[in-house]
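Okay, structure first, notes after.
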Amino acid sequence: MLLDTHILLCAANQPERLSAKAMALLEDTEHELLFSAASIWEIAIKNSLGRADFKVDARVLRRGLLDNDYAELAIVSAHAVFVESLPPIHKDLFDRILVAQATVEGITLITSDILVAGYPGPIILV
């Protein structure tokens, strides 16, 4: 399961903000948990811009995720190319690449964003 940036931040820093459905998915040991390089990039950019909801050191977060057995999903050209075929449901480029990664890789994207959940493909709204 690929966690979108919001779910990733909550899981790492404020798990009490996650829904019961999200917690159940994250705690199920049958699921491999993944984070995208795009999420780390988004956090680094928005933190450097002073966004209050992204006050996280991306380096520390990445290290903590890896130390807790999350797998990192790199962005490859197949993901970038797939973005072009997505309908214009969401304008956020980071969310669009997450949808593309999940679709191309055949993995489930976990999101709390209703717009992201509107894309076809392997997406679960929590």
Side-chain angles (χ1 to χ4, degrees):
M1 294 186 318
L2 177 62
L3 280 60
D4 81 359
T5 307
H6 176 75
I7 299 293
L8 190 66
L9 285 170
C10 286
N13 297 316
Q14 298 174 308
E16 68 279 1
R17 293 187 63 203
L18 293 170
S19 70
K21 183 176 181 180
M23 285 301 297
L25 289 168
L26 297 178
E27 291 173 351
D28 185 340
T29 57
E30 295 294 314
H31 298 134
E32 178 184 16
L33 301 177
L34 296 102
F35 68 96
S36 172
S39 290
I40 301 300
W41 184 21
E42 178 180 16
I43 291 164
I45 288 171
K46 291 181 178 177
N47 184 35
S48 72
L49 294 174
R51 288 266 308 258
D53 53 338
F54 286 86
K55 289 289 181 201
V56 176
D57 184 322
R59 287 177 294 271
V60 172
L61 176 62
R62 180 180 179 274
R63 182 77 262 149
L65 292 167
L66 292 171
D67 288 347
N68 284 286
D69 298 322
Y70 283 67
E72 183 172 0
L73 181 59
I75 300 167
V76 299
S77 59
H79 303 149
V81 170
F82 191 82
V83 169
E84 184 178 34
S85 68
L86 291 174
I89 295 171
H90 204 307
K91 298 206 186 311
D92 185 295
L93 300 176
F94 294 108
D95 287 329
R96 291 173 62 82
I97 196 70
L98 293 176
V99 170
Q101 286 182 294
T103 305
V104 168
E105 300 300 327
I107 55 180
T108 302
L109 176 63
I110 306 302
T111 186
S112 59
D113 186 326
I114 196 155
L115 288 175
V116 172
Y119 281 101
I123 301 171
I124 295 176
L125 180 64
V126 295

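Excluded from the calculations below are hydrogen atoms, water molecules and symmetry mates; all remaining heavy atoms, backbone and side chain alike, are included.
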| said: Testing the basics here: between Gly50 and Lys55, what is the closest heavy-atom pair and its distance to 0.1 Å? | reply: CA-NZ, 3.8 Å

| message | Surrounding CG of Leu49 (heavy atoms of other residues, nucleotides or ligands, distance under 6.0 Å), is the total greater than 12? | response | yes

| task | Taking only Lys NZ, Arg NE, NH1 and NH2, and the carboxylate oxygens of Asp or Glu, determine whether Lys46 and Asp92 approach each other closer than 4.0 Å. | result | yes

| query | What are the two closest non-hydrogen atoms of Val116 and Ile123, and how far apart are they? | reply | O-CD1, 3.4 Å

| query | Same cluster for Leu8 and Met23 if Ile/Leu/Val/Met/Phe/Trp/Tyr side chains link at under 4.5 Å? | reply | yes

| field | Nearest-0.5 Å distance that lies between atom CG in Leu61 and atom CZ in Phe54 | value | 11.0 Å

| task | Could you grab the distance from atom OG1 of Thr5 to atom CD of Glu42, nearest 0.5 Å is fine? | result | 4.0 Å

| Are Asp95 and Leu115 close enough, and set up right, to give a side chain to side chain contact (heavy atoms under 4.5 Å, CB included), and what steps lead you there? | CA-CA 9 Å; Asp95 287 329; Leu115 288 175; over 6 Å; no

| task | Following the transitive rule for hydrophobic clusters with a side-chain heavy-atom cut-off under 4.5 Å over Ile, Leu, Val, Met, Phe, Trp and Tyr, establish whether Met1 and Leu9 coincide in one cluster. | result | yes

| said: Do Val56 and Ile7 land in one hydrophobic cluster if side-chain heavy atoms of ILVMFWY residues count as linked below 4.5 Å? | reply: yes

| For Asp67, what residues pass the side chain to side chain donor-acceptor pair (under 3.5 Å) criterion, not counting sequence neighbours? | Arg63

| said: Any side-chain to backbone donor/acceptor pair from Gln101 onto Val76? Under 3.5 Å, distance only. | reply: no

| query | Counting only N and O atoms by type, is there a donor-acceptor contact under 3.5 Å from the side chain of Asn47 to the main-chain atoms of Ile43? | reply | no

| request: Verify side chain to side chain contact (heavy atoms under 4.5 Å, CB included) between Val81 and Val104, making sure each step is shown before the conclusion. | output: CA-CA 10 Å; Val81 170; Val104 168; over 6 Å; no

| request: Sequence neighbours left out, what pairs pass ring pair (Phe, Tyr, Trp, His ring centres under 6.0 Å) with at least one residue falling in residues 58-91? | output: none

| message | Under the criterion side chain to side chain contact (heavy atoms under 4.5 Å, CB included), I'd like the reasoning laid out for Leu34 against Glu105: C-alpha separation, chi angles, the key distance, then a yes or no. | response | CA-CA 12 Å; Leu34 296 102; Glu105 300 300 327; over 6 Å; no

| query | Roughly how far, to the nearest 0.5 Å, is the CG atom of Leu18 from the CD1 atom of Ile110? | reply | 11.0 Å

| remark: On a heavy-atom basis, the closest approach of Ala11 and Leu26 is CB-CD1, 3.9 Å

| field | Heavy-atom check, side chain of Pro87 versus side chain of Tyr119, under 4.5 Å | value | yes

| request: Write down the atom of Pro122, the atom of Ile107, and the distance for their closest heavy-atom approach. | output: CG-O, 3.0 Å

| task | Answer with yes or no whether the hydrophobic clustering places Ile89 together with Ile124; edges join I, L, V, M, F, W, Y residues whose side-chain heavy atoms lie under 4.5 Å apart. | result | no

| At their closest point, which heavy atom of Ala100 faces which heavy atom of Leu86, and how far apart are they? | N-CD1, 4.3 Å

| remark: Between the CG atom in Leu25 and the CG atom in Leu3, the distance rounded to the nearest 0.5 Å is 9.0 Å

| message | With a 3.5 Å distance limit and no angle check, can you tell me whether Arg17 reaches the backbone of Cys10 through a side-chain donor-acceptor pair? | response | no

| note | When rounded to the nearest 0.5 Å, the distance separating NE2 of His6 from CG of Asp4 is 7.5 Å

| field | Rounded distance (nearest 0.5 Å) linking atom CG of Leu65 with atom CG of Leu33 | value | 9.5 Å

| request: Check whether Leu2 and Val99 end up in the same hydrophobic cluster, where Ile, Leu, Val, Met, Phe, Trp and Tyr are linked by side-chain heavy atoms less than 4.5 Å apart. | output: yes

| field | Exceeds 12 heavy-atom contacts within 6.0 angstrom, atom CG of Leu93 | value | no

| Which pair of non-hydrogen atoms, one from Ser36 and one from Leu98, has the smallest distance, and what is that distance? | CB-CD2, 3.3 Å

